[in-house]
Amino acid sequence: MKYFLVVSAESIMQIIFLLPRFRLLNGLKSYFLKLMGAKVAKGVVYYSGVWIFPCRGLVLGRNVDLAKDVLITTSGGVEIGDNSLVGYRTQILSSNHVIPPNRGKIFVGGHLHQKVCIRNDVWIGANCIILPGVTIGEGAVVAAGSVVTKDVDDFTIVAGVPARMIRKRD
């Protein structure tokens, strides 16, 4: 029964989040996320193809912009602050597989859940990957294609794989 409910919720989400980003439809998407346990402020924009699951543990601030094909896993918790931009095809991951010790079987190794915090006024470029446990500080910029494995300080520009500080914002 649980499997049926999960697959049903995923199917409904896929249909809803394929809709275009008209204001009324963005409201429908926010309403769906709230029904699934997320906390969503006003003014969030969802381009088509956004994927957020399982939804509980998600907090979206005011005027967050999630571009086309953004993927967010929320099992560990994800907070995105006010006026933040998340670029095309970015992945925000709050859980990961555990590598078992002593050559144990990976398939049954379990999961590690860690919260991701993205503060206010952050710009995450296209095709970035934000890994579990990361905090991205207020006013930070993550360059396109970066993989963020460690915390990013406020008003810092990072880039690369793994992401490293390029400079502070003036």
Side-chain angles (χ1 to χ4, degrees), residues 2-96 113-148 152 154-159 163 169:
K2 180 182 176 185
Y3 181 76
F4 175 78
L5 293 174
V6 168
V7 172
S8 296
E10 289 174 341
S11 299
I12 293 167
M13 172 174 274
Q14 188 165 21
I15 292 166
I16 291 172
F17 279 84
L18 281 175
L19 298 170
R21 59 186 168 106
F22 294 118
R23 183 175 296 166
L24 177 67
L25 297 176
N26 282 330
L28 173 66
K29 295 171 189 180
S30 288
Y31 181 73
F32 177 80
L33 290 175
K34 290 175 185 177
L35 285 175
M36 297 293 291
K39 295 178 182 172
V40 182
K42 294 190 183 292
V44 177
V45 174
Y46 311 89
Y47 285 60
S48 65
V50 168
W51 182 260
I52 301 168
F53 210 79
C55 303
R56 69 184 184 287
L58 175 68
V59 178
L60 295 176
R62 288 177 287 120
N63 304 315
V64 169
D65 189 291
L66 302 174
K68 184 168 177 48
D69 297 329
V70 167
L71 179 143
I72 303 173
T73 64
T74 63
S75 295
V78 174
E79 290 184 14
I80 302 177
D82 298 342
N83 305 309
S84 291
L85 307 171
V86 181
Y88 298 105
R89 290 174 302 284
T90 286
Q91 298 176 44
I92 301 171
L93 310 172
S94 66
S95 61
N96 202 352
H113 304 290
Q114 293 178 299
K115 187 174 190 173
V116 174
C117 292
I118 299 169
R119 303 288 187 221
N120 295 335
D121 196 38
V122 170
W123 175 19
I124 299 173
N127 291 307
C128 292
I129 299 174
I130 313 301
L131 293 179
V134 168
T135 295
I136 300 177
E138 181 175 355
V141 176
V142 179
S146 297
V147 177
V148 182
V152 176
D154 294 347
F155 301 100
T156 300
I157 300 171
V158 298
R169 287 181 56 199

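Heads up: numbering here begins at 1 and tracks the sequence. Just so it is clear, the structure is predicted and the values come from calculations on it, not from any experiment.
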Query raised in the report: Would you say the side-chain atoms of Thr156 pair up with the backbone N or O of Val152, donor to acceptor, closer than 3.5 Å?
Result: no
Query raised in the report: Does any donor atom in the side chain of Asn127 or Arg89 lie under 3.5 Å from an acceptor atom in the other side chain?
Result: yes
Query raised in the report: Heavy-atom count around Leu5 CG within 6.0 Å, excluding the residue itself: above 12?
Result: yes
Query - Beyond-backbone contact of Leu93 with Leu71, side-chain heavy atoms, under 4.5 angstrom - result: yes
Query raised in the report: Excluding sequence neighbours, so at least two apart, what forms salt bridge (Lys or Arg N to Asp or Glu O under 4.0 Å) with Arg62?
Result: Asp82
Query raised in the report: Is the cationic atom of Arg169 (NZ for Lys, CZ for Arg) positioned less than 6.0 Å from the six-membered ring centroid of Phe155 and within 45 degrees of its normal?
Result: no
Requested in this report: Could you tell me whether the side chain of Thr74 reaches within less than 4.5 Å of the side chain of Ile52, counting heavy atoms only?
Outcome: yes
Query - Side chain Asp154, main chain Glu138, donor-acceptor under 3.5 Å - result: yes
Requested in this report: Walk me through it: do Phe32 and Ile12 pass the test side-chain contact (heavy atoms from CB on, under 4.5 Å)?
Outcome: CA-CA 9 Å; Phe32 177 80; Ile12 293 167; 3.6 Å; yes
Query raised in the report: Looking at side-chain heavy atoms only, is the closest gap between Ile80 and Val59 below 4.5 Å?
Result: no
Report task. Could you verify whether a donor N or O on one side chain and an acceptor N or O on the other, from Asn63 and Asn83, lie under 3.5 Å apart? Result -> yes
Query raised in the report: Val6 versus Phe53: any side-chain heavy-atom pair under 4.5 Å?
Result: yes
Query - Donor-acceptor under 3.5 Å (Lys29 side chain, Leu19 main chain) - result: yes
**Report entry** Flag, side chain of Ser48 to backbone of Arg21, donor-acceptor distance under 3.5 Å
**Finding:** no
Query raised in the report: Got Val122 and Leu85 here, is their nearest side-chain heavy-atom distance under 4.5 Å?
Result: no
Query raised in the report: Taking the side chain from Ser94 and the backbone from Gly76, do they hold a donor-acceptor pair closer than 3.5 Å?
Result: yes
Query raised in the report: Does any non-hydrogen side-chain atom of Tyr46 lie less than 4.5 Å from one of Ile16?
Result: no
Query raised in the report: Are the side chains of Thr135 and Arg119 in touch, meaning some heavy atoms are under 4.5 Å apart?
Result: yes
Query - Exam field: side chain Ser84 to backbone Asn120, donor-acceptor pair closer than 3.5 Å - result: no
**Report entry** Candidate list Val50, Val116, Leu66, Thr90, test side-chain contact (heavy atoms from CB on, under 4.5 Å), partner Ile72, passing option
**Finding:** Leu66
